[in-house]
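What's counted below: heavy atoms across the whole structure, side chains too, no hydrogens, waters or symmetry copies. Just so it is clear, the structure is predicted and the values come from calculations on it, not from any experiment. Chain A is the first sequence line, chain B the second, and so forth, proteins listed ahead of strands; every chain is numbered from 1.
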Amino acid sequence: ILNVEQSPQSLHVQEGDSTNFTCSFPSSNFYALHWYRWETAKSPEALFVMTLNGDEKKKGRISATLNTKEGYSYLYIKGSQPEDSATYLCAPKAAGNKLTFGGGTRVLVKP
Amino acid sequence: GAGVSQTPSNKVTEKGKYVELRCDPISGHTALYWYRQSLGQGPEFLIYFQGTGAADDSGLPNDRFFAVRPEGSVSTLKIQRTERGDSAVYLCASSSQKAGQETQYFGPGTRLLVL
């Protein structure tokens with residue numbers, strides 16, 4: 001059973017500011033890391049799938065880095081906008097197909 | 001194209017009743033997953049289908065929970081003798097291949113409330 005920690009649990013960001021938050025996971029048996037964005041009353045939206053140590057991925061103003069040796073990933077939001085308000089979930093995958101989700105970081109962007 | 005759909009979107013039931021939750025995956029996706037998200041937590045894996053068979057049901061909490069996918073497409077999650085602790089958002093996801101890091105595409109979930 002993977003122990004996945006996301007911090008902080010929640011954060012408030014002023015519109016226009018940049019922010020980042022962390023996902024930590026066991027580095028052993030690592031296969032891939034998934035990031036999702038989940039807005040209220042919508043489907044979780046896939047952001048990134050990362051596999052290699054040192055991977056960096058970017059989608060618009062959102063980017064993520066991966067360190068598989070120490071077992072963490074950072075997700076960054078540049079110039080936060082109100083539409084970025086959501087819960088961001090990370091889910092590492094070991095052998096097999098199931099995802100093990102962290103508790104999420106709830107982001108609220110204030111206009 | 002059409003994404004993963006789930007019905008009903010909301011379900012209120014009484015303790016002890018039986019419920020069925022339906023998932024329509026993306027057409028052509030062979031892998032289908034069920035997760036459950038309880039308040040304040042991340043989604044928790046329940047069961048994974050590859051085609052018609054349950055490849056991994058290790059996340060089902062007890063024998064009151066059962067899921068089927070008889071034709072390898074639509075899946076139904078069945079909960080018998082519901083308990084208040086079963087209240088959660090039940091999420092379904094599908095993906096195109098049976099192994100690897102392929103993205104799992106999620107539906108909007110069914111919000112189950114057991115009174």
Side-chain angles (χ1 to χ4, degrees), chain A residues 1-10 21-25 29-53 55 57 59 64 66 68 73 75 86-107, chain B residues 1-10 23-26 29-51 53-60 67 88-111:
Chain A
I1 298 176
L2 296 179
N3 184 25
V4 184
E5 298 287 339
Q6 289 190 248
S7 64
Q9 288 186 332
S10 65
F21 37 92
T22 309
C23 170
S24 60
F25 51 88
N29 298 320
F30 174 84
Y31 188 81
L33 182 81
H34 296 237
W35 278 102
Y36 286 86
R37 174 171 59 197
W38 194 3
E39 296 179 65
T40 303
K42 294 186 178 180
S43 305
E45 173 196 358
L47 290 174
F48 307 114
V49 179
M50 309 175 78
T51 56
L52 299 176
N53 185 46
D55 246 358
K57 297 242 177 168
K59 182 177 183 178
L66 177 65
T68 60
S73 175
L75 192 134
T87 296
Y88 291 81
L89 294 163
C90 74
K93 183 160 68 173
N97 292 68
K98 64 185 178 186
L99 299 177
T100 301
F101 285 89
T105 293
R106 181 176 294 180
V107 175
Chain B
V4 178
S5 62
Q6 294 185 245
T7 55
S9 54
N10 293 281
C23 172
D24 281 84
I26 292 172
H29 279 189
T30 57
L32 184 145
Y33 311 80
W34 284 99
Y35 294 85
R36 175 172 73 172
Q37 192 237 358
S38 301
L39 195 62
Q41 301 179 21
E44 176 186 30
F45 170 79
L46 296 176
I47 186 169
Y48 153 58
F49 287 90
Q50 182 57 237
D56 183 353
D57 65 357
S58 61
L60 295 177
V89 177
Y90 289 82
L91 291 165
C92 175
S94 69
S95 67
S96 62
Q97 296 185 25
K98 66 177 180 178
Q101 69 262 31
E102 287 75 17
T103 299
Q104 295 183 20
Y105 297 91
F106 281 83
T110 292
R111 284 153 185 78

*Asks:* Is the NZ atom of A/Lys42 crowded by more than 12 outside heavy atoms at less than 6.0 Å?
*Replies:* no
*Asks:* Return each pair, listed once, that meets salt bridge (charged side-chain N to carboxylate O under 4.0 Å, His left out) where at least one residue sits in residues 95-106 of chain A; pairs must be two or more places apart or across chains.
*Replies:* none
*Asks:* Under a 4.5 Å heavy-atom cut-off, does chain A meet the side chain of B/Gln37, its backbone, both or neither?
*Replies:* side chain
*Asks:* Between A/Ala46, A/Gly102, A/Gly103, A/Pro44, who has the most heavy-atom pairs with chain B when the cutoff is under 4.5 Å?
*Replies:* A/Pro44
*Asks:* Please name the pair of heavy atoms, one in B/Pro108 and one in A/Ser43, separated by the smallest distance, quoted to 0.1 Å.
*Replies:* N-OG, 3.0 Å
*Asks:* Of all heavy-atom pairs between A/His34 and B/Glu102, which one has the smallest distance, and what is that distance?
*Replies:* CE1-O, 3.7 Å
*Asks:* Can you establish whether the number of heavy atoms outside A/Phe48 located under 6.0 Å from its atom CZ is more than 12?
*Replies:* yes
*Asks:* Applying ring-ring contact (aromatic ring centres under 6.0 Å, His included), can you list everything that pairs with A/Tyr88, at least two apart in sequence or on another chain?
*Replies:* A/Phe21
*Asks:* For atom CD of A/Gln9, decide whether the heavy atoms of other residues, nucleotides or ligands shown that lie under 6.0 angstrom number more than 12.
*Replies:* no
*Asks:* Please look at B/Ser58 and chain A and tell me whether the side chain, the backbone, both or neither of the residue comes under 4.5 angstrom of a heavy atom of that chain.
*Replies:* side chain
*Asks:* Under a 4.5 Å heavy-atom cutoff, which of B/Pro43, B/Ala55, B/Gly40 has the most pairs with chain A?
*Replies:* B/Pro43
*Asks:* Can any side-chain N or O of B/Tyr35 pair as donor or acceptor with the backbone N or O of A/Leu99 at less than 3.5 Å?
*Replies:* yes
*Asks:* If I take atom CG from residue B/Leu91 and atom CZ from residue A/Phe101, how far apart are they, to the nearest 0.5 angstrom?
*Replies:* 8.0 Å
*Asks:* Which answer fits A/Tyr36, side chain, backbone, both or neither, if we ask what part of it has an atom under 4.5 Å from a heavy atom of chain B?
*Replies:* side chain
*Asks:* Is the backbone of A/Asn97 close enough, under 3.5 Å, to the side chain of B/Gln104 for a donor and an acceptor to pair up by distance?
*Replies:* yes
